[in-house]
J.: 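Mind looking over this structure? Questions follow.
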Amino acid sequence: MANKPKIAVFASGNGSNFQAIADAAQIGALNAEVVLAVSDRPQAYVVERAKEMGVETLVFTASQYGSKAMYEEMLKGKLLGLGVEWIVLAGYMRLIGPVLLSAFENRIVNIHPSALPDFPGKDAIGQTLSAGAETAGVTVHFVDAGMDTGKIIAQECFPVNGRSRDEVEAEIHAIEHRLYPATLQQLFSR
Ligand code: GRF
């Protein structure tokens, strides 16, 4: 099999997308090696998941650094030291700054729970439902300096059909857990 790209997954919360990616890599459905899980929240469940999977973790507290550039320099050093080629954002609640954007140009991807360009930013599911949108969706996109503005790689939509927030959220997660590993696999084999 061809070289496995080394990836780092950044997450701030539950980490179900981290899990889907790490599982896909483990069974060979995703030809990649998850070498690092990065979290800006020490208590995030993703940290437990990573330990369980035997994936190295890097947990940092942004407020202990003087600036975004300073903690991103720290992250960059770690990532380059491990030979990471791609950064995969999965529920990472911080904007990526110039330090990482230039070190990983066109090699940072994100998943967002709406049909971008509609409903970027926080609580995209809440935004979708309060706008009364007929469809909800999931988008995988490249990361640029904006908030969920980078080039779209893959997108899947489904009708809301008067469903509750919990139901819409469950559908979104089900799509994400399938779409993210599959899209990464396509991207890495280009
Ligand atoms: C996902 O819905 C993702 O689209 C968004 O944040 C959520 C993370 O969920 N960016 P999880 O932590 O992977 O369970």
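Atoms within each ligand, like the ligands themselves, are counted from 1 in listed order. FYI, side chains are in, hydrogens and waters are out, and symmetry mates aren't considered; it's all heavy atoms of this structure. We count residues from 1, following the sequence as given.
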J.: Students often mix this up, so state it plainly: with edges at 30° and 60°, are the rings of F60 and Y65 parallel, tilted or perpendicular?
T.: perpendicular
J.: For S16, take its heavy atoms, then give the atoms of ligand 1 lying under 4.0 Å from any of them.
T.: 11 (P), 12 (O), 13 (O), 14 (O)
J.: Just jot down the ligand 1 atoms closer than 4.0 angstrom to any heavy atom of I111, in number order.
T.: 3 (C), 4 (O), 5 (C), 10 (N)
J.: Considering only NZ, NE, NH1 and NH2 on the basic side and carboxylate oxygens on the acidic side, decide whether R49 and D23 come within less than 4.0 Å.
T.: no
J.: Taking atom 4 (O) of ligand 1 as the point of reference, which of E176, K122, R49 owns the nearest heavy atom?
T.: E176
J.: Could you list the atoms of ligand 1 found under 4.0 angstrom from a heavy atom of N14?
T.: 12 (O), 14 (O)
J.: Closer than 3.5 angstrom, by distance alone: can the side chain of K151 be matched with the main-chain N or O of N106 as a donor-acceptor pair?
T.: no
J.: For ligand 1, which is the ligand I care about here, please tell me if F18 has any N or O atom under 3.5 Å from one of the ligand's N or O atoms.
T.: no
J.: So for A11, does at least one of its heavy atoms come nearer than 4.0 angstrom to any atom of ligand 1?
T.: no
J.: Sub-3.5 Å donor-acceptor pair from the side chain of Q127 to the main-chain atoms of K122, do we have one?
T.: yes
J.: Looking only at distances, can you tell me whether any N or O atom of A90, backbone or side chain, sits closer than 3.5 Å to an N or O atom of ligand 1?
T.: no
J.: Are any of the heavy atoms in Q19 under 4.0 Å away from ligand 1?
T.: no
J.: Quick one: nearest non-hydrogen protein atom to atom 7 (C) of ligand 1, plus distance?
T.: G91 CA, 4.2 Å
J.: Answer whether the closest heavy-atom distance between the side chains of L100 and L79 falls below 4.5 Å.
T.: yes
J.: Which atoms of ligand 1 sit under 4.0 Å from any heavy atom of H173?
T.: 2 (O), 9 (O)
J.: With respect to N17, determine whether any N or O atom, backbone or side chain, lies less than 3.5 Å from an N or O atom of ligand 1.
T.: yes
J.: Okay, side chain of H141, backbone of Q155: is any donor-acceptor separation there less than 3.5 Å?
T.: no
J.: Compare every heavy atom of V35 with every heavy atom of V55, then report the nearest pair and how far apart it is.
T.: CG1-C, 4.1 Å
J.: Between V47 and R41, is there a side-chain heavy-atom distance shorter than 4.5 Å?
T.: no
